[in-house]
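Below is one structure, written out as structure tokens; the observations come after it.
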Amino acid sequence: MDRWEGEDGRALARQVLLLSLLPLSCWAASEQVRYSIPEEMEKGSVVGSLAKDLGLNARELAKRNLHAVPVTKLQYFSISGENGNLCVNERIDREEICATAPHCLVTLEVMVENPLDIFHVTVAIEDINDNAPQFFNGNINLETSEVTSPGTRFLLGKADDPDIGMNSVQDYQLSPNQYFTLDVKKSQDANTFADLVLQKPLDRESEQTLHLILTALDGGEPRKTGTAQIWINVTDANDNPPIFSQEVYTVNLRENAPVGSQVLQLVATDNDDGSYAQIRYHFSNIPANAQQNFRIDPISGTITLMGDLDYEETKAYAMTVAAKDGGGLVTHVKVEIKILDENDNYPEVILTSLFSPVPEDSLPGTLIALINVNDKDAGDSGKVACSLRQDLPFKIIRMSNNYYKLLSDGPLDRERTPEYNITVTASDTGSPPLSTYKSILLQVSDVNDNAPAFERPSYSIYVPENNPSGTSVFRVSASDPDMGQNARITYSILTSTIQELPLDHEEEKVHHLILTAYDGGSPVRSGTTEIQISVLDVNDNAPIFSQPLYEVTAREGLSLGTTVVTLNATDLDEGTNRDLRYSFAKSTGSAAEKFHLDENTGEVTLRGKARPFLEKDALRQSLVVLLKDNGQPPLSASVTVTVVLADSIPEVLSDLGGISAPADAQPDLTFYLVLAVAFVSCLFFAFLLVLLALNVHKWRHSRLQDCGNMTSNGVPAPPFVGLDTVRAVLHSYCHEVCLTADSRHSHFHLPKGCSCSTFSKMAHKISCSHFVQSTGGLCGD
């Protein structure tokens, strides 16, 4: 390190003194580094290798981010980011910074990171002789009587030199003359002043005015000087000068004293009489900063405060007051006014570093901010303590000197409190104490600590069946109190019982699925909800009879109200959609008059008011039953019920006539089946005709005249009236079964090529009119 300069102030070498290295805490340390430089160094001049003095090499320098903390007077210096040198940033004038203070120190704080350290750097600004002595008044006018006794002293005041030490005023010189000499002295405050001493009596008649030159010299190298012109007016005899009551007047004045306050009253007396005893007061030497703050009454000698005082700017004022009598004799006295400090400065709070935003998962003890406090007042009024006003999860701890660190002191939750307005209170210990409040806005950054949550843990919804694929049936949403990517939610189905679309109530009435919501954080968090989907029934199924057609046997002579058949039907729908109603179709015609159909149960009975079956009734009674459900719109189905009048052998033959195609057979298959049956039937009828030809030959002609031409009218199973045995055989083979296009209704037609003529030749008991009435067909060749 450089050596310290000697007291002579002439050496301009720098000196660095590392005072101490004090560990501060587990994360920070404090050191004090001191340099000494002369004032007026050129911009860019190196003060010292700060990085080297702190023990930082080039690699550590880049990593630990050596930088200055922005506090007072930082503008004079800068830190090189390349080599860590502390350099002069602008012109440094010691007199401007420290005035006449014997020691001029500029303090700044330097911070390094990783880990955090605070270093206190003190730069001592050494004075150079860059100012010449200067008299406040370049012309000093004195009056003295010619009878003034030798040895009389005239207080000339002092010259001011902003420099200090040897660079300030060290000596005075007087131009050669025969009357006066100088007596150079030092005051208690180490200031050099000179008194003019009369060496021999004056002779006004020989020399009325004397002109002397007073030279002030400093001790710098090279020496600088300042001069004042002394004009001495020699008056007639006034042999008693004014005399002050004190040699020096000292007064203490509080800095908050109001303007207009009386500071001091000077008292001077003169033993002369008349005009020689009339004294007037005035400032003979007063600093520039005191001229605007003080005024003296020329008659009473009262000094009055005319401006505001500030202890932090000027701690004391020194001035010279002259008392001049009417004869021109002047006496000077020194007045010292000391300013007493008041607690009139609020603490200054400077936020040097703020680590915001802070993650919400930060552990207690996380560094939030670095705070510097300062108070310009002196003594207890300048001592400052910091505290927090609110009950928040933070604490403030003193570091070193005037630094505090703000730490977290509890868990943070961005979703509950996304930001904190932390108020730091800095209070001094003055009387009364003054406080400054500093608000720190701290943002809390988000981490993915919340999982998406649905509004409800489960949902029950109802959806009509048969909705087309892609139909929106329900909307659910999940929320995530996090923000940004951590709150960006996507949905997926975790499990589902839905296998096919669309939904079919008859296949599955209730479906369950589990819906999962994922956020976009890292790691990903998720939440689930269960959705129960109840499939509502719609009327999409027509009723279905248990049989494609019904054929029952009824004996002649059944009692009225007897149950003939009970129809059974089902409907896959539910509720009102499968409330079934039975009714006869209009096409049933007169056959329905003999039967009663219960619309609820499907039970077919003989009508209570209708006559019973008689032998003359048709062998077959065909009924078309229509079945409708109660849906919207209603769906329906129909079935043909054939009631066959059976009696012993005809009953068996009648069963053979019940052969028919299945309800769902194809039309072509039915056609060929009926054609085959018809062909066999015709061969059988031909055989019977040969056997009966001889017995009915005569009877055939008469019956042919009554029958006429008969054709098929589409009745499913045409009944015949005549011989029991023959008619059973005929009706069992002489019919055709056809299905409608929708396979729901059956229609019956007589086959082509099958004639009633053969039967007409044989059935002598059957009347043609009865046959025509029953079948609607024609009998003929």
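We number each residue from 1, following the sequence as shown.
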Cationic tip of Arg398 above Tyr403 ring, under 6.0 Å, 45° of axis: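 Not flagged: Arg398 not positioned over aromatic ring of Tyr403.
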NZ or CZ of Lys324 within 45° of Tyr281 ring axis and under 6.0 Å: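 No, cation not above the ring by the 6.0 Å, 45° rule.
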Tell me whether [X] contacts the main-chain N or O of [Y] through its side chain, where contact means a donor paired with an acceptor under 3.5 Å.
| X | Y | result |
| --- | --- | --- |
| Tyr249 | Ser245 | yes |
| Asn177 | Ser175 | yes |
| Thr122 | Thr107 | no |
| Glu255 | Glu342 | yes |
| Tyr172 | Thr192 | yes |
| Ser187 | Asn191 | yes |
| Thr331 | Pro242 | yes |
| Asn374 | Glu348 | no |
| Thr302 | Gln265 | no |

Basic-acidic side-chain contact under 4.0 Å: [X], [Y]:
| X | Y | answer |
| --- | --- | --- |
| Asp183 | Arg153 | yes |
| Glu40 | Arg94 | no |
| Arg64 | Asp117 | yes |

Which heavy atom in [X] sits nearest to a heavy atom in [Y], and how many Å separate them?
| X | Y | result |
| --- | --- | --- |
| Leu217 | Pro133 | C-CG, 4.3 Å |
| Asn421 | Ser439 | OD1-CB, 3.5 Å |
| Ser408 | Lys395 | O-CE, 4.4 Å |
| Ile128 | Pro38 | CG2-CB, 3.9 Å |
| Ser387 | Ile396 | CA-CG2, 3.9 Å |
| Ala194 | Leu182 | CB-CD2, 4.1 Å |

Any side-chain heavy atom of [X] sitting closer than 4.5 Å to one from [Y]?
| X | Y | answer |
| --- | --- | --- |
| Leu370 | Ile118 | yes |
| Ile371 | Ile350 | no |
| His332 | Asn285 | no |
| Phe180 | Leu174 | yes |
| Phe77 | Val106 | yes |
| Ile368 | Phe355 | no |
| Glu113 | His67 | yes |
| Ile92 | Ile37 | yes |

[atom1] of [X] to [atom2] of [Y]: how many Å apart, nearest 0.5 Å?
| X | Y | atom1 | atom2 | answer |
| --- | --- | --- | --- | --- |
| Leu86 | Ser80 | CG | OG | 10.5 Å |
| Thr269 | Asp325 | OG1 | CG | 10.5 Å |
| Leu367 | Leu407 | CG | CG | 6.0 Å |
| Leu210 | Leu202 | CG | CG | 6.0 Å |
| Trp231 | Asn233 | CH2 | CG | 11.5 Å |
| Thr314 | Ile337 | OG1 | CD1 | 11.5 Å |

Taking [atom1] in [X] as the centre, count heavy atoms belonging to other residues, nucleotides or ligands within less than 6.0 Å. Is the count above 12?
| X | atom1 | result |
| --- | --- | --- |
| Glu82 | CD | no |
| Lys376 | NZ | no |
| Gln229 | CD | yes |
| Arg254 | CZ | no |
| Asp308 | CG | no |
| His211 | NE2 | yes |
| Gln390 | CD | yes |

Residues [X] and [Y]: side-chain donor-acceptor under 3.5 angstrom:
| X | Y | result |
| --- | --- | --- |
| Asn345 | Glu312 | yes |
| Tyr35 | Asp53 | yes |
| Asn114 | Asn65 | no |
| Asn131 | Asp163 | yes |
| Asp428 | Asn343 | yes |
| Gln262 | Thr304 | no |
| Thr320 | Lys334 | no |
| Asn293 | Tyr317 | yes |
| Thr144 | Thr148 | yes |

task: Report the C-alpha separation of Glu39 and Ile97 in whole Å, then their side-chain angles, then the decisive distance to 0.1 Å, and conclude whether the side-chain contact (heavy atoms from CB on, under 4.5 Å) test is met.
output: CA-CA 10 Å; Glu39 65 176 329; Ile97 298 175; over 6 Å; no
task: Determine, step by step, whether Thr209 and Val234 satisfy the side-chain contact (heavy atoms from CB on, under 4.5 Å) criterion, reporting the C-alpha distance in whole Å, the side-chain angles of both residues, the deciding distance to 0.1 Å, and the verdict.
output: CA-CA 6 Å; Thr209 302; Val234 181; over 6 Å; no
message: Apply side chain to side chain donor-acceptor pair (under 3.5 Å) to residues Lys383 and Thr429 and explain how you reach the verdict.
response: CA-CA 6 Å; Lys383 298 178 181 179; Thr429 57; 6.0 Å; no
- request: Check step by step if side chain to side chain donor-acceptor pair (under 3.5 Å) holds for Asp218 and Asn129.
  value: CA-CA 8 Å; Asp218 62 23; Asn129 192 26; 3.2 Å; yes
query: Only one of Ile232, Leu155, Leu212 forms a side-chain contact (heavy atoms from CB on, under 4.5 Å) with Leu142, so which one is it?
result: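 Running side-chain contact (heavy atoms from CB on, under 4.5 Å) over Ile232, Leu155, Leu212 with Leu142 returns exactly one hit, Ile232.
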task: Just do the side-chain contact (heavy atoms from CB on, under 4.5 Å) check on Tyr76 and Glu90 with the steps written out, would you?
output: CA-CA 5 Å; Tyr76 296 117; Glu90 69 177 38; 3.5 Å; yes
task: Given side-chain contact (heavy atoms from CB on, under 4.5 Å), test Gln134 with Lys224 step by step and report yes or no.
output: CA-CA 10 Å; Gln134 185 176 6; Lys224 295 182 179 292; over 6 Å; no
